[in-house]
*Asks:* 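The structure under discussion is supplied below as structure tokens; questions concerning it will follow.
Just so it is clear, the values below take in all heavy atoms, side chains as well, and ignore hydrogens, waters and symmetry mates. To find a chain, count down the sequence lines: A is the first, B the second, and so on, and within it residues start at 1. Predicted model, so just to flag it, every value in this text is computed and none were measured.
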Number of protein chains: 2
Amino acid sequence: MEHVRLRGEKVVLDTSLFVNPEVRGDFGGTPTEALEGFLFLAAQIPTVEFYMPSSTFKELLNFIEPDKVSGDLLTILHQKPPSKHELFCPAVLLYELIEDIRERINKGLRIAEKAVRSAHKSEKDIIQDLRRQYREALRDGIIDSKEDVDLILLAKELNALLVTADYGIIKWAEKFGIRWLLPNKFKDYILSSIKRYKIETADVKG
Amino acid sequence: MEHVRLRGEKVVLDTSLFVNPEVRGDFGGTPTEALEGFLFLAAQIPTVEFYMPSSTFKELLNFIEPDKVSGDLLTILHQKPPSKHELFCPAVLLYELIEDIRERINKGLRIAEKAVRSAHKSEKDIIQDLRRQYREALRDGIIDSKEDVDLILLAKELNALLVTADYGIIKWAEKFGIRWLLPNKFKDYILSSIKRYKIETADVKG
């Protein structure tokens, strides 16, 4: 068999693929099983490199039983922090971030004021509603942690496909010109990659 | 007299210099007088170029009476927006911004919860305290408007000295390696520049 040189594709994975019950089902019933299921399939496509930022991987460890996961994890899912001191962000994105946050902060205050004024409800209900509405207003659809920034910068650095269900991360992937995929399409992506790899290696052998 | 070539220094000005009652006193009693006072002194140092981002200048116009300001304004205080599509921000600063905002958002929620629970006070007092504390937690010491970003990027682009009293802007000037000066030192800076200019031109003439 000749040495096979196929197009190398890089993919950066978020934890939601294994942790979120709505999407991990494609690969396994529990986070550990989903990770194993992914590794089993990923091992069949040596042309695709899978990455996860170290910070995201650390989060993942909280959900899986490391003893039950095969050593393939270390060679198939590469842990790599972004080269954060070498990367730059277009300044114009700074404006968008600051304006977005400014609007959210104002909205947060209006929510808080409304909560103070809603005297007809029980304190417990008021606090519960406040928390939900406040978090929705200030956190949803925004990158709000260093893990989020890691995912975006690593995908940018590697020119990789970013697999995530986080709307805030997707919005920034769009700004940075990063290709992205929702986790519920990821099994199809893997199976298609396996099929293409088999066809291409068969061509080379033939 | 020979053609004089002195070191050109660039200075970016915030509005606080003319608007903030605590600092504008160095130049005049009202914002309009302070601006006139500045222009009178600035006209004596052709070696220093003064800039203000267009967005900041627009804010300044809300405080001054344009009819009463000399046309020197147009040739001495240059209005220039930063070249925001050509500038980049080190990605590592994105982490600091996101982490800072994350902590502030959490603090904002705690303040809102406390307000809901402070039933012993009148609603009016509660709302008043809430607004003050919330703004302190979420806005103080942070760049929170596109005018703030304009000041930082323009100073960076021009490699200029940034004159501002805003602590959030100063914090970012430090991150970007921008020289900064508090407005209450600015008159001394101007007077010293005038003195040095006179000495240097006298040397050239002599």
*Asks:* With chain B, which of A:Leu87, A:Ile142, A:Ile111, A:Leu93 has the greatest number of heavy-atom pairs at distances under 4.5 Å?
*Replies:* A:Leu87
*Asks:* Quick one, A:Phe88 and B:Pro90 - any side-chain contact, counting heavy atoms below 4.5 Å?
*Replies:* yes
*Asks:* Pick whichever of B:His85, B:Arg135, B:Glu96, B:Lys156 has the most heavy-atom pairs under 4.5 Å with chain A.
*Replies:* B:His85
*Asks:* When you compare the side chain of A:Arg139 with that of B:Asn106, does any pair of heavy atoms fall below 4.5 Å?
*Replies:* yes
*Asks:* Identify the heavy atoms of B:Ala91 and A:Lys84 that sit nearest to each other, and give their distance.
*Replies:* CB-O, 3.9 Å
*Asks:* Chain A heavy atoms under 4.5 Å from B:Ile143: which part of the residue, side chain, backbone, both or neither?
*Replies:* both
*Asks:* Between A:Ala115, A:Ala112, A:Cys89, A:Ser83, which has the largest tally of heavy atom pairs under 4.5 Å with chain B?
*Replies:* A:Cys89
*Asks:* Relative to chain B, which segment of A:Ile126 carries a heavy atom at a distance below 4.5 Å: side chain, backbone, both, or neither?
*Replies:* side chain
*Asks:* What are the two closest heavy atoms between A:Glu113 and B:Arg131, and how far apart are they?
*Replies:* OE2-NE, 2.7 Å
*Asks:* Just wondering, are more than 12 heavy atoms of other shown residues or ligands nearer than 6.0 Å to NZ in B:Lys114?
*Replies:* no
*Asks:* Do the non-hydrogen side-chain atoms of A:Ile98 and B:Leu97 ever get within less than 4.5 Å of each other?
*Replies:* yes
*Asks:* Taking C-beta and beyond as the side chain, do A:Leu138 and B:Leu138 meet within less than 4.5 Å on heavy atoms?
*Replies:* yes
*Asks:* Sort out for me which of B:Leu109, B:Asp144, B:Ile127, B:Asp148 touches chain A most, counting heavy-atom pairs under 4.5 Å.
*Replies:* B:Leu109
*Asks:* Tell me, yes or no, whether the heavy-atom count around A:Lys121 atom NZ, taken from other residues, nucleotides or ligands under 6.0 Å, exceeds 12.
*Replies:* yes
*Asks:* How long is the straight-line distance from CG of A:Asp100 back to CD1 of B:Ile101, given to the nearest 0.5 Å?
*Replies:* 9.0 Å
*Asks:* Measure the spacing between CG of B:Leu94 and CD1 of A:Ile152 and express it to the nearest 0.5 Å.
*Replies:* 7.5 Å
*Asks:* I'd like to know whether NZ of B:Lys107 has more than 12 heavy-atom contacts from other residues, nucleotides or ligands below 6.0 angstrom.
*Replies:* no
*Asks:* If you measure from CD1 on A:Ile105 to OH on B:Tyr134, what distance do you get to the nearest 0.5 Å?
*Replies:* 6.0 Å
